[in-house]
Amino acid sequence: MTHRILILGGTTEARQLAGKLDARADLSVTLSLAGRTENPVAQGVPIRSGGFGGADGLAVYLKENGTDLLIDATHPYAARISANASQAAHQAGVAMLALRRPGWEPVEGDRWTVVDSVADAVRALGATARHAFLALGRQEVAAFEAAPQHHYLIRSVDPVEPKLRVADAEYLLARGPFREADERVLLEHRGIDVVVSKNSGGEATYGKIAVARALGIEVVMVRRPTLPDVPSAETIEALAAMVDHVLEPEIERGV
Ligand code: NAP
């Protein structure tokens, strides 16, 4: 008996988890992507792409495809799909787990200003012109048009379109992971005096935070959104172990 698992992805961990679970003969894995990134990295497992049409649409998908387990492995700031997932799993009567990457904690020497939203991050830059490095998604950076006095260095996976209506913005296209040594060169050469970041957690994008600490640069850190309370694990290994636990009752009943 093969158990069907739908993994909501869009992160490196989701791809790795999917690969790990799909290698098992008793599991059939589909990885779901939002379909926003123009050139997504190869995922190595069967994928489906695009929104489901809200929680109701996802619930229908889960039923129609005979899904046994839904795993939310989306980015910690993708709050809508996480909320939809929890609601849909409940509606469809499907078990659900979440892979929740822990956030970064400030350490000695960090100069973090923690804010609740991107709009608050814009305000936190203040009135005086600064050289800000925006390590945010392309959808979020538009908010910085409200503070056109600053100089912006904007890094995103896909091009920011339309460009910001500000006097000075430079755009970098790059996909992590980013090495700390490279981040240091970037921040020093561009004269960056403030970094605006999400608290993504993990190693892949921590370099800029470590470099900011070393150089005494302020980090405006956008707080994580609240996510639904579902059984979760912090690592791929721990989550993979929970999968058996969740599917076991069915296996024992011979379902
Ligand atoms: P979001 O605001 O939580 O979701 C917006 C809508 O996009 C959802 O309602 C859903 O559409 C669709 N969607 C999102 N993730 C999906 C998935 N894995 N499969 C199918 N549909 C999905 O999400 P977001 O912040 O725009 O992020 C979009 C994707 O990029 C996610 O997969 C996330 O893991 C990834 N990502 C996000 C960030 C970030 O900072 N937000 C960073 C890195 C990667 P319907 O309602 O129509 O189903």
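In what follows, residues are counted from 1 in the order of the sequence shown. Whatever order the structure lists ligands and atoms in, that order sets their numbers, starting from 1.
In this structure, of I81, T74, L136, the residue bringing a heavy atom nearest to atom 4 (O) of ligand 1 is I81. Among N84, L6, L31, the residue whose heavy atom lies closest to atom 9 (O) of ligand 1 is N84. The nearest non-hydrogen atom to atom 26 (O) of ligand 1, considering only Q139, R36, E13, comes from R36.
For E203, the CD atom sits in a loose shell: 12 or fewer heavy atoms of surrounding residues, nucleotides or ligands are nearer than 6.0 Å. Sparse packing is recorded around CZ of R4, with 12 or fewer heavy atoms of other residues, nucleotides or ligands lying under 6.0 Å away. More than 12 non-hydrogen atoms from other residues, nucleotides or ligands lie less than 6.0 angstrom from CZ of R48. Other residues, nucleotides and ligands place more than 12 heavy atoms under 6.0 Å from the CG atom of D116.
Close approach of ligand 1 to Y77 is summarised as follows: ligand atoms under 4.0 Å from at least one heavy atom of the residue are 25 (O), 40 (O), 41 (N). Interface atoms of ligand 1 facing A79, defined by a heavy-atom separation under 4.0 Å, are 3 (O).
Of the protein's heavy atoms, G9 O, 2.7 Å lies nearest to atom 32 (O) of ligand 1. For atom 40 (O) of ligand 1, the nearest non-hydrogen atom of the protein is K198 NZ, 2.4 Å. The protein heavy atom nearest to atom 47 (O) of ligand 1 is G53 N, 2.9 Å. Summary of contacts: the protein heavy atom closest to atom 46 (O) of ligand 1 is G54 N, 3.0 Å. Protein heavy atom in closest approach to atom 17 (C) of ligand 1: A34 N, 3.6 Å. In terms of protein heavy-atom proximity, atom 23 (O) of ligand 1 is closest to A78 CB, 3.5 Å. Closest to atom 35 (C) of ligand 1 among all protein heavy atoms lies G10 O, 3.7 Å. From the protein, the heavy atom lying nearest to atom 48 (O) of ligand 1 is F52 N, 2.6 Å.
Between R80 and ligand 1, an N or O atom pair is found at a separation short of 3.5 Å. Note: no N/O pair closer than 3.5 Å links L8 and ligand 1 by distance alone. On a distance-only criterion, S32 and ligand 1 share at least one N/O pair closer than 3.5 Å. When only interatomic distances are considered, the shortest N/O to N/O separation between S82 and ligand 1 does not fall below 3.5 Å. Annotation: H75 places an N or O atom under 3.5 Å from an N or O atom of ligand 1; distance criterion only.
Using a 4.0 angstrom heavy-atom cutoff, G57 does not count as in contact with ligand 1. The closest approach between any non-hydrogen atom of G50 and ligand 1 is below 4.0 Å. G137 does not count as a contact of ligand 1, since none of its heavy atoms falls under 4.0 Å from the ligand.
Salt-bridge formation is detected for the pair R100/D72: a Lys NZ or Arg NE/NH1/NH2 atom is positioned less than 4.0 Å from an Asp or Glu carboxylate oxygen. A salt bridge between E218 and R130 is present, with a side-chain N of the basic residue lying under 4.0 Å from a carboxylate O of the acidic one. Salt bridge status for R213 with D110: present, with a side-chain N to carboxylate O gap under 4.0 Å. Salt bridge status for R15 with D22: absent, with no side-chain N to carboxylate O gap under 4.0 Å. Salt bridge annotation for R155-E183: present, with a cationic side-chain nitrogen under 4.0 angstrom from a carboxylate oxygen. A salt bridge links R101 to E13: at least one charged side-chain nitrogen sits closer than 4.0 Å to a carboxylate oxygen.
Contact annotation: for A55 versus ligand 1, there are no heavy atoms closer than 4.0 Å. The proximity of R48 to ligand 1, defined as any non-hydrogen pair under 4.0 Å, is limited to the side chain. Neither the backbone nor the side chain of L58 comes within contact range of ligand 1; no heavy atom lies under 4.0 Å.
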Discussion item. Checking V118 against V196 for the side-chain contact (heavy atoms from CB on, under 4.5 Å) test, could you report, in this order, the C-alpha distance in whole Å, the side-chain angles of both residues, the deciding distance, and whether it holds?
Written reply: CA-CA 9 Å; V118 173; V196 184; over 6 Å; no
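At least one test fails for K208 against the ring of F133: distance under 6.0 Å to the centre or angle within 45° of the axis.
In this structure, Y77 and H75 have tilted ring planes: the angle between them lies in the 30° to 60° band. Aromatic ring orientation, H151 versus H131: parallel (interplanar angle below 30°, classes split at 30° and 60°).
In this structure the side chain of S156 reaches within 4.5 angstrom of the side chain of L173, judged on heavy atoms.
Distances from atom 30 (O) of ligand 1 to the protein include no heavy-atom value under 4.0 Å.
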